[in-house]
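A quick write-up on the structure given underneath.
As the structure lists them, so they are numbered: ligands from 1, and atoms in each ligand from 1. Residue indices begin at 1 and follow the sequence shown. The basis for the numbers below is simple: all heavy atoms, side chains too, and nothing from hydrogens, waters or symmetry mates.
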Amino acid sequence: MTAPVDESFGGPPSAPAPWAHRSLLTAGALAAKDALRIFDAADSFFEVSRRSVRKVPALRGKTLLNVFFEASTRTRTSFELAGKRLSMDVVNLSGSSSSTTKGETLLDTIKTLEAMQPDLVVIRHAASGAAEYVARRSNVAVINGGDGTHEHPTQALLDAFTIRRHKLGQGQGSFAGLKVAICGDILHSRVARSNASLLRTLGADVHFAGPRTLVPVGAETLGVTVHHRLEPALEGADVVMMLRVQRERLQGVFLPTTREYSRTFGLNKRRLALAKPDAIVMHPGPMNRGVEIDPEVADGPRSVILDQVEAGVAVRMAVLWLSCQAQGPEDAG
Ligand code: CP
């Protein structure tokens, strides 16, 4: 199904295939065909953001609430832009300015917001499972914008979409056989978990690399190969994804020093030479320059880090649009 990017679009295509994911809580909930459908819609929406007038009326009259209890630059802003570029009414609420600071519970907050009849709520929260918790206890459609160390499904979608655009000719090729190295603080990374899940669903060969203290026990059960040195993960890789050392979740016990970490697990030009000559370098952001990634690599010709950011708006437009298609025929226009 082609996404409605034409200015004259006034409703869904005449016979849209049903979209089963009114809420999006985990990357694992998506089959490969679902992810590919999101990418196809995002390809159309990608062009909207490059027009002089960056708006289509696809979701006019729909309401999006962005409820962020944790800091965010990319996810919050791109969901806001995605909603606005689809002509939604978008309201942002941050934890620090909400009545949770007066003791209101998360569930009471969501029930209160639900009474205002939003079509979609994007939630980010420091507690793993928070998005599923509110989705199970309310009738509102929930998109997980990152919950603790658990999942960040739209980040995985925008990462895979970026890989597709750079490595697979915008959907012509297959993820099968692509070696993707995800490196760094795996333990605290919802991005690693969601990416492993989605990229394995799409057929990629996923490798984790991190110090023993920063890789969860049993990570192999995600279908990935685990390394405790960077080099074997980088060798022959098509995609190198570096992860932020999450200092706010470390509590001082997992690393000797950041200098030592950078020396053994930081991506520099010399180490990147182990990957394929046309390998791309990714990072979900925010980066710790000079810790997990050398500035020369982050800003170098193989870096697609800002392309990931641009892709985030298009992919989130696609997710919002498809989620609204799942809300029933009378609501889908
Ligand atoms: N990648 C990501 O989630 O970034 P933000 O924390 O800035 O949203």
Specify the protein heavy atom at minimum distance from [atom]: its residue, its atom name, and the distance to 0.1 Å.
atom: atom 2 (C) of ligand 1; answer: T75 OG1, 3.6 Å
atom: atom 4 (O) of ligand 1; answer: R74 NE, 3.1 Å
atom: atom 6 (O) of ligand 1; answer: R124 NH1, 2.8 Å

Just which atoms of ligand 1 are under 4.0 Å from any heavy atom in G285?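 Atoms satisfying the 4.0 Å criterion: 1 (N), 2 (C), 4 (O).
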Using a strict cut-off of 4.0 Å, indicate which atoms of ligand 1 neighbour a heavy atom of T73.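 Answer, ordered by atom number: 5 (P), 7 (O), 8 (O).
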Over 12 non-hydrogen atoms of neighbours within 6.0 angstrom of CZ in R259: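 Check fails, neighbour count at 12 or below.
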Would you give me the side-chain donor-acceptor pairs under 3.5 Å for residues 81-89, sequence neighbours excluded?
from, atom 1, to, atom 2, distance (Å)
K84, NZ, E80, OE2, 2.7
R85, NH1, S49, OG, 2.8
S87, OG, V56, O, 2.6

For a quick check under 3.5 Å, do [X] and [Y] share a side-chain donor-acceptor pair by atom type?
X: Q308; Y: T162; answer: no
X: H283; Y: E292; answer: yes
X: T112; Y: T109; answer: no

Just jot down the salt bridge (charged side-chain N to carboxylate O under 4.0 Å, His left out) partners of R270, sequence neighbours excluded, or say none.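 Testing R270 for salt bridge (charged side-chain N to carboxylate O under 4.0 Å, His left out), a comparison that skips the adjacent residues, returns none.
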For ligand 1, find out whether one of its N or O atoms is nearer than 3.5 Å to an N or O atom of P284.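 Yes - when backbone and side-chain N and O of P284 are compared with those of ligand 1, one distance drops under 3.5 Å.
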Geometric N/O contact Q155 with ligand 1, under 3.5 angstrom: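 Among all N and O atoms of Q155, at least one is under 3.5 Å from an N or O of ligand 1.
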